[in-house]
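See below for the structure under consideration.
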Amino acid sequence: QVQVVESGGGLVQTGGSLRLSCAASGAKFRSSYMAWYRQAPGKQRELVAGITRDETTNYADFVKGRFTISRDNAKNTVYLQMNSLKPEDTAVYFCYLLSNYGLNSWGQGTQVTVSS
């Protein structure tokens, strides 16, 4: 089956930076679509950024150029570089994988907390 595991969450101050990592296994990573979602208390899960097998990226409007998604196919890993963090970025961040076979997997999530 397909597995993804997130890491890199933590506590940072407003304006700080954090890099999240997501390691994938059980699928052909190079042919998979990868994405980051987040969910804050009392809110629905929302797409943050996505990246295709061809490294085409898409971002939610609220990122405003602050976040960057990238992938390292040699390491089967996708990253989310988060800069200029705001308190409203506080959420559980989830990694998502969609293979070209239609299989999908969600990670367990990693907590990001931005203090004022």
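This one's a predicted model, so the numbers in the text were calculated from it and none came from an experiment.
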Note to self: The test is side chain to side chain contact (heavy atoms under 4.5 Å, CB included); show your working for Leu47 and Asn58 and say whether it passes.
What the structure shows: CA-CA 10 Å; Leu47 175 68; Asn58 64 287; 3.5 Å; yes
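- Ser25 is linked by a side chain to side chain contact (heavy atoms under 4.5 Å, CB included) to Gln3, counting only residues two or more places apart in sequence or in another chain.
- Note on Val92 and Leu20: separate hydrophobic clusters, where clusters join Ile, Leu, Val, Met, Phe, Trp and Tyr whose side-chain heavy atoms are under 4.5 Å apart, directly or indirectly.
- Each disulfide (SG to SG under 2.5 Å) pair with one or both residues in residues 7-44, not counting sequence neighbours, appears once here: Cys22-Cys95.
- For the side chain to side chain donor-acceptor pair (under 3.5 Å) condition, the pairs that include at least one residue of residues 102-112, sequence neighbours left out, are Gln111-Thr113.
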Next item on the list: Apply side chain to side chain contact (heavy atoms under 4.5 Å, CB included) to Gln39 and Phe94, showing your working.
Entry: CA-CA 8 Å; Gln39 187 167 24; Phe94 297 90; 4.1 Å; yes
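- The CZ atom of Phe67 sits 4.5 Å away from the OH atom of Tyr93 when rounded to the nearest 0.5 Å.
- Listed by first and then second residue, the disulfide (SG to SG under 2.5 Å) pairs involving residues 33-75 amount to none (not counting sequence neighbours).
- Under a hydrophobic clustering in which Ile, Leu, Val, Met, Phe, Trp and Tyr are joined whenever their side-chain heavy atoms come within less than 4.5 Å, directly or via other members, Val2 and Leu98 fall into different clusters.
- Residues forming a side chain to side chain contact (heavy atoms under 4.5 Å, CB included) with Val12 (at least two apart in sequence, or on another chain): Leu18, Leu85, Val114.
- In this structure, CG on Asp54 lies 13.0 Å from OH on Tyr33, to the nearest 0.5 angstrom.
- Checked against side-chain hydrogen bond (donor to acceptor under 3.5 Å, both in side chains), Arg30 has no partners two or more places apart in sequence or in another chain.
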Next item on the list: Start with the C-alpha distance between Val48 and Tyr37, add both sets of side-chain angles, then the distance that settles side chain to side chain contact (heavy atoms under 4.5 Å, CB included), and finish with yes or no.
Entry: CA-CA 5 Å; Val48 177; Tyr37 287 75; 5.5 Å; no
For a quick test of your reading: what N or O donor-acceptor pairs under 3.5 Å do the side chains of residues 69-78 make, sequence neighbours left out?
unit_1 : atom_1 : unit_2 : atom_2 : d
Arg71  : NE     : Asn73  : OD1    : 3.1
Arg71  : NH1    : Ser32  : O      : 2.9
Arg71  : NH1    : Thr52  : O      : 2.8
Arg71  : NH2    : Phe29  : O      : 2.5
Arg71  : NH2    : Ser32  : O      : 3.1
Asp72  : OD1    : Ala74  : N      : 3.1
Asp72  : OD1    : Lys75  : N      : 3.4
Thr77  : OG1    : Lys75  : O      : 2.8

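- Residue pairs that meet the side chain to side chain donor-acceptor pair (under 3.5 Å) test with at least one member in residues 10-23, sequence neighbours left out, are Ser17-Asn83.
- For the salt bridge (charged side-chain N to carboxylate O under 4.0 Å, His left out) condition, the pairs that include at least one residue of residues 78-105, sequence neighbours left out, are Arg38-Asp89, Arg66-Asp89.
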